Structure formats: structure tokens, C-alpha cells
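No experiment lies behind these values; they were computed from the predicted model shown. Side chains are part of it too, since the values below use all heavy atoms of this structure and drop only hydrogens, waters and symmetry mates.
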Amino acid sequence: MIVLSFVLLNISTSFAAQLETQAVNLAVKTLPKNGVRVPFLQLDLKATGGNIEVKSLTVNRTGLSTNEDFGRIWAETDNYRRTTSRQLTNDDQASLPFRTPLLIESGKRERLTIYANLNFESGGRTAALNLVQIEHNG
């Protein structure tokens, strides 16, 4: 008796779109006491393998400062405000939702800059904003 068995392999390869992110901290110096529209973080985003829609960013505060030292925080592309402005929460973070999702086409780059208004009680303070999370569909 001969038994033949066949194994059928269904190999499917699917690739999801990915978001490449490079963050550059711009606030590496002593900050002005009441600075307005101070750039803190620059993000270079590139979509690969498909289009990406960025829905929100989360940043956190570090350095010799407090939450009260920061006013509103927001993100812009080419001088166009993309996110709603938010203040830091008690956990030193701010979630910045996009008004409409930021579409990054496959193979294209988009540059975002995170700005903040400052209200330091005294001069000579240092602070930074760091990227914690990017919510997107990739």
C-alpha cells in the first residue's frame, strides 16, 4: 500500500507601510524668560511601503524647568500649524492631535517642528521636549 500525502503551502508576503523618523533636539541652549514660538524639536518623517497618515504626537518635558514654565505646545510644517495646541499635563507630557491626519505619501518626506511658548519665572533655565510617541496607521 502506498500512501501519498501532499502538503500545500500558501505563502503570502504582505508588507505594511512604515514610518521612518528622525528627531533633532533644537533647544540646546539657555532659553529666554518669556520666549514665544521657540522651536524645540524637529522631526523628519518618511513613509516607505505605502502612504502613512499621522494622527497625533506625544512629547514630554525634560531639563531644569517645570510644567508651569511652558505655555502652549504645537507642531507645524512650513509655517502651517498642523496640530491643536496643548499644555503639559502633570506627567510632563503633551499629546498633540492633528486637525486632519497628516498624509505622507510613500517615498516622500515631511518635516515637522514642535514649538512652545515659554513663561519662565526667572532667566537662565534649560528645557527640552522629547518625542515619546507617534500615532499613525502604518
Side-chain angles (χ1 to χ4, degrees):
M1 171 162 51
I2 300 175
V3 176
L4 297 174
S5 64
F6 295 96
V7 177
L8 298 175
L9 296 176
N10 184 5
I11 301 175
S12 115
T13 307
S14 62
F15 296 98
Q18 294 183 352
L19 182 65
E20 297 176 7
T21 307
Q22 179 182 12
V24 177
N25 193 331
L26 300 175
V28 293
K29 58 188 177 296
T30 303
L31 298 168
K33 182 176 178 180
N34 292 317
V36 176
R37 201 173 178 271
V38 177
F40 274 88
L41 192 61
Q42 184 175 348
L43 304 175
D44 287 320
L45 308 173
K46 181 181 178 184
T48 58
N51 295 344
I52 296 281
E53 286 185 353
V54 179
K55 298 173 185 171
S56 72
L57 305 170
T58 303
V59 295
N60 76 324
R61 177 198 62 80
T62 60
L64 300 174
S65 63
T66 66
N67 287 352
E68 291 79 29
D69 292 334
F70 282 83
R72 295 293 188 173
I73 301 169
W74 69 93
E76 292 183 7
T77 58
D78 296 327
N79 296 322
Y80 177 72
R81 187 176 288 198
R82 292 292 189 154
T83 65
T84 55
S85 59
R86 297 281 195 242
Q87 290 185 296
L88 291 168
T89 59
N90 290 337
D91 63 353
D92 296 326
Q93 292 189 350
S95 177
L96 307 174
F98 284 78
R99 295 174 179 172
T100 58
L102 174 64
L103 176 65
I104 304 173
E105 295 176 0
S106 184
K108 302 279 175 107
R109 293 185 184 275
E110 190 72 53
R111 177 170 286 168
L112 280 171
T113 304
I114 310 295
Y115 292 95
N117 293 334
L118 303 176
N119 190 24
F120 290 137
E121 291 184 18
S122 62
R125 299 234 181 152
T126 60
L129 293 174
N130 298 310
L131 182 65
V132 174
Q133 178 183 2
I134 299 177
E135 182 186 347
H136 58 86
N137 67 345

Quick note, ring-ring contact (aromatic ring centres under 6.0 Å, His included) partners involving residues 77-108, not counting sequence neighbours, are none

Quick one: side-chain contact (heavy atoms from CB on, under 4.5 Å) partners of Ala75, sequence neighbours excluded?
Leu57, Thr83, Leu112, Ile114

Would you please test Thr84 and Arg99 for side-chain contact (heavy atoms from CB on, under 4.5 Å) and show each step?
CA-CA 6 Å; Thr84 55; Arg99 295 174 179 172; 4.2 Å; yes

Sorted by first residue and then second, give each salt bridge (Lys or Arg N to Asp or Glu O under 4.0 Å) pair with at least one member in residues 127-138; sequence neighbours left out.
none

Value rounded to 0.5 Å, distance of CD in Gln42 from CD in Gln22
8.5 Å

Return the CG to CD1 distance between Leu88 and Ile73, rounded to the nearest 0.5 Å.
3.5 Å

Distance in Å, Thr77 OG1 paired with Leu43 CG, rounded so as to fall on 0.5 Å steps:
11.5 Å

With sequence neighbours excluded, tell me which residues meet side-chain contact (heavy atoms from CB on, under 4.5 Å) with Asp91.
Thr89, Gln93

Qualifying salt bridge (Lys or Arg N to Asp or Glu O under 4.0 Å) pairs with a residue from residues 51-70, counting only residues at least two apart or across chains
Arg61-Asp92, Asp69-Arg125

side-chain hydrogen bond (donor to acceptor under 3.5 Å, both in side chains) pairs touching residues 106-119, sequence neighbours excluded, are Asp44-Arg111

Are Leu41 and Leu118 linked, directly or through other ILVMFWY residues, by side chains that come within less than 4.5 angstrom of each other?
yes

The criterion is side-chain hydrogen bond (donor to acceptor under 3.5 Å, both in side chains); which residues satisfy it with Thr62, sequence neighbours excluded?
Asn130

Any side-chain heavy atom of Val54 within less than 4.5 Å of one from Ile52?
yes

Measure across Asn51 and Ala17 and return the closest heavy-atom pair with its distance rounded to 0.1 Å.
O-CB, 3.8 Å

Residues two or more places apart in sequence or in another chain: which of them pass salt bridge (charged side-chain N to carboxylate O under 4.0 Å, His left out) with Arg81?
none

Which atoms form the tightest heavy-atom contact between Ala94 and Gln87, and what is the distance?
CB-O, 3.9 Å

My understanding is that only residues two or more places apart in sequence, or in another chain, count here; which of them pass salt bridge (charged side-chain N to carboxylate O under 4.0 Å, His left out) with Glu76?
Arg37

Of all residues at least two apart in sequence or in a different chain, which pass the side-chain contact (heavy atoms from CB on, under 4.5 Å) check with Thr21?
Leu19, Leu45, Leu131, Ile134

Using links of under 4.5 Å between side-chain heavy atoms of ILVMFWY residues, direct or through other members, which residues join Val132 in one cluster?
none

Pairwise ring-ring contact (aromatic ring centres under 6.0 Å, His included) hits with a residue in residues 50-72, at least two apart:
Phe40-Phe70

